[in-house]
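We count ligands from 1, going down the list as the structure has it; atoms in each ligand are counted the same way. Along the sequence shown, residues carry numbers from 1. Note that this is a predicted model, so its numbers are computed, not measured.
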Amino acid sequence: MKGANAVRLEIMKRERSCFLFCFWFLLCWGASHCSSIERSQFPASFLFGTATSAYQIEGAYLAGNKSLSIWDIYTHIPGKIEDGSNGDVADDHYHRYREDVKLMHDLGVNAYRFSISWSRVLPRGRFGEVNPDGIEFYNNLIDALLIRGIQPFVTLNHYDIPQELEDRYGSWLSSEIQLDFGHFADVCFEAFGDRVKYWTTINEPNMVVYYSYFEGTYPPSHCSYPVGNCTFGDSFIEPYIATHNVLLSHATATEIYRTKYQEKQGGMIGLVVSAPWYEPFSDTPADKLAAERANAFQIAWFLDPIMFGEYPPEMHQIIGSRLPIFSEEERRKLAYKLDFIGINQYTAAYAKDCMFSACPSAFNLGESMVYVTAERDGVYIGAKTGISYFYVVPSALEKAVMYIKERYNNTPMFLTENGYGQSSNLSLSEELNDIKRAEFFESYLSALHGAMRKGADVRGYFIWSLMDNFEWTDGYTIRMGLYYVDFKTLERTKKLSAVWYKNFLAGNITSQQENSMISKRIYSRRFLPS
Ligand SMILES: O=C(/C=C/c1ccc(O)cc1)O[C@@H]1O[C@H](CO)[C@@H](O)[C@H](O)[C@H]1O
């Protein structure tokens, strides 16, 4: 009898597991999401994190003897920011960093990318003292992360510069910035380098230079006719000077790290570029060349000089003698190169030739003689997002990574930013049930894995952003966080995409099943803020 019971029990068990399997199979059958990406497909040492930047989250703009940065000044000029807002308070992360580290711990990330506010650490740049309050804040943050097993991945400069350096010599337009940036980097390596093993010098210099000195929509608002209508600037000269100083500032910091710190601290140093991907608008040779030019004007403009000591041929062809020349001494510094390339990838667009044919606008992507459009024959390149110029094109991530892999001999890469923007006009329930954001991560991570299968040496991935924050000239009109922030109470609330990321990182059967329910939109309708 005992034997029969055991058999019956065994049958029941099998039936149960068969039932579960069948349920799982039916749920997944025919749904693309069930081939879904899993944590175990990436190396155990792979960094999975979230990303932020100082000005966008810290607030406390006058606390702890911080000086004003160019963004503090700029956001207070009426008309510059979409909703008239600023980063004075932002997420008040400066006072709430402990809570925010807990949110990350709950997600299960093993890394966090953040930036250091130069104005907190050196309020007057190299013309004044190191500010102990600034050092203390980042020491506390770094220690709080490490206690929870989260690797700090630190950006030295993410757009914000002490205003004094702008007032004294025009920041990126003067070679003096190289001295200041070197000093700032030195102070940070010395203070934090015992615990920080991943450094990046400058975030998205291609965006900084473009918006600050070509279009004039970022501080210090420089541009010239016919690109724009600014009081100061020259759109056809200044971007090239600023880039030169950006590159040599990177080189100065890298030389300091290599010669004074790297051996004893054992970290890596890199640069982060924004890599929107450009596809040819048509099959014509002219449009194919246009796409190559567009990618070179975004990516190679900054990486070729560091990797090869020269601006890219695609730029020489157009800009010619307006491109500065690197002296022997400058070339020597650039030869310190970098240890990894940071890639911020969100979107793609079509590139249409303007070299051999007429275009509606001549300076649509700097001087690249490319017209950029997301639309072809009435069809968009990908699904729209809450950011007007961002579209969902996961294959573009794979292509951008492969382009950088091929061009730079498979230098180690980190995806330092990837994320999905939603308008802040939606209802709370729509903001929290952000199924499209979860789907976005799923599809982009699959594309990233595709590049890795083809041999790309990618070592980490960071979601932009941990929480909703100040989105530069868009102010608070766009939300990109895994956590929702109520900007009145500053309360953080988990979104569905945070549940998705946590499940993905946990990587067990239950969490994978839950994620597949999220993808199938079965789980999402039941998700309420807790
Ligand atoms: O990656 C970009 C911007 C890319 C782009 C802009 C304009 C185009 O036309 C195409 C691409 O900035 C990053 O994207 C994030 C979300 O916006 C910002 O919040 C980050 O601070 C910044 O590092």
Side-chain angles (χ1 to χ4, degrees), residues 50-58 69 71 75 81-82 85 87 90-91 93 113-117 153-160 200-212 214-219 271-279 294-295 297-299 301-302 342-351 361 363-366 368 370-375 381-382 384-393 396-397 400 414-424 437 440 444 462-482 485:
T50 59
T52 63
S53 89
Y55 187 69
Q56 295 178 273
I57 65 163
E58 283 182 8
S69 81
W71 275 91
T75 54
I81 308 300
E82 176 88 22
S85 67
D91 291 320
H93 170 77
R113 175 170 180 252
F114 63 94
S115 80
I116 294 182
S117 157
F153 194 106
V154 179
T155 308
L156 287 170
N157 178 239
H158 197 123
Y159 300 0
D160 52 343
T200 66
T201 50
I202 301 157
N203 180 70
E204 296 192 346
N206 49 333
M207 294 294 134
V208 173
V209 161
Y210 193 86
Y211 292 118
S212 302
F214 186 75
E215 274 194 358
T217 47
Y218 280 7
L271 177 87
V272 173
V273 290
S274 172
W277 182 251
Y278 298 97
E279 286 285 322
N295 289 319
F297 270 69
Q298 289 288 11
I299 300 170
W301 184 6
F302 291 80
I343 304 169
N344 291 354
Q345 222 292 322
Y346 292 86
T347 190
Y350 296 115
S361 149
F363 302 112
N364 194 232
L365 182 63
S368 63
V370 170
Y371 183 72
V372 174
T373 174
E375 198 185 330
I381 194 166
K384 287 189 169 203
T385 71
I387 301 182
S388 60
Y389 43 86
F390 280 8
Y391 294 83
V392 182
V393 189
L397 175 83
F414 288 88
L415 261 293
T416 35
E417 284 180 33
N418 177 234
Y420 182 87
Q422 269 180 311
S423 158
S424 61
R437 183 172 286 113
F440 177 94
Y444 273 72
F462 294 83
I463 283 179
W464 185 274
S465 179
L466 170 65
M467 55 191 161
D468 299 337
N469 58 46
F470 178 77
E471 183 51 38
W472 307 114
T473 47
D474 288 326
Y476 299 101
T477 64
I478 287 176
R479 294 181 176 273
M480 301 191 76
L482 292 170
V485 177

Close residues, ligand 1: non-hydrogen atom nearer than 4.0 Å
Gln56, His158, Tyr159, Asn203, Glu204, Met207, Tyr211, Ser274, Asn344, Tyr346, Tyr389, Phe390, Glu417, Trp464, Glu471, Trp472, Met480
Going by atom types alone, do Thr416 and Asn344 pair a side-chain donor with an acceptor below 3.5 Å?
yes
Test item: side-chain donor near acceptor, Gln298 and Asn206, under 3.5 Å:
yes
For Phe214, all residues meeting ring-ring contact (aromatic ring centres under 6.0 Å, His included), sequence neighbours excluded:
Tyr210
Who pairs with Tyr55 by side chain to side chain donor-acceptor pair (under 3.5 Å), at least two apart in sequence or on another chain?
Thr75
Side chain to side chain donor-acceptor pair (under 3.5 Å) partners of Ser368, counting only residues at least two apart
none
Measure from the side-chain N and O atoms of Glu471 to the backbone N and O of Thr473, and report whether any donor-acceptor pair falls under 3.5 Å.
no
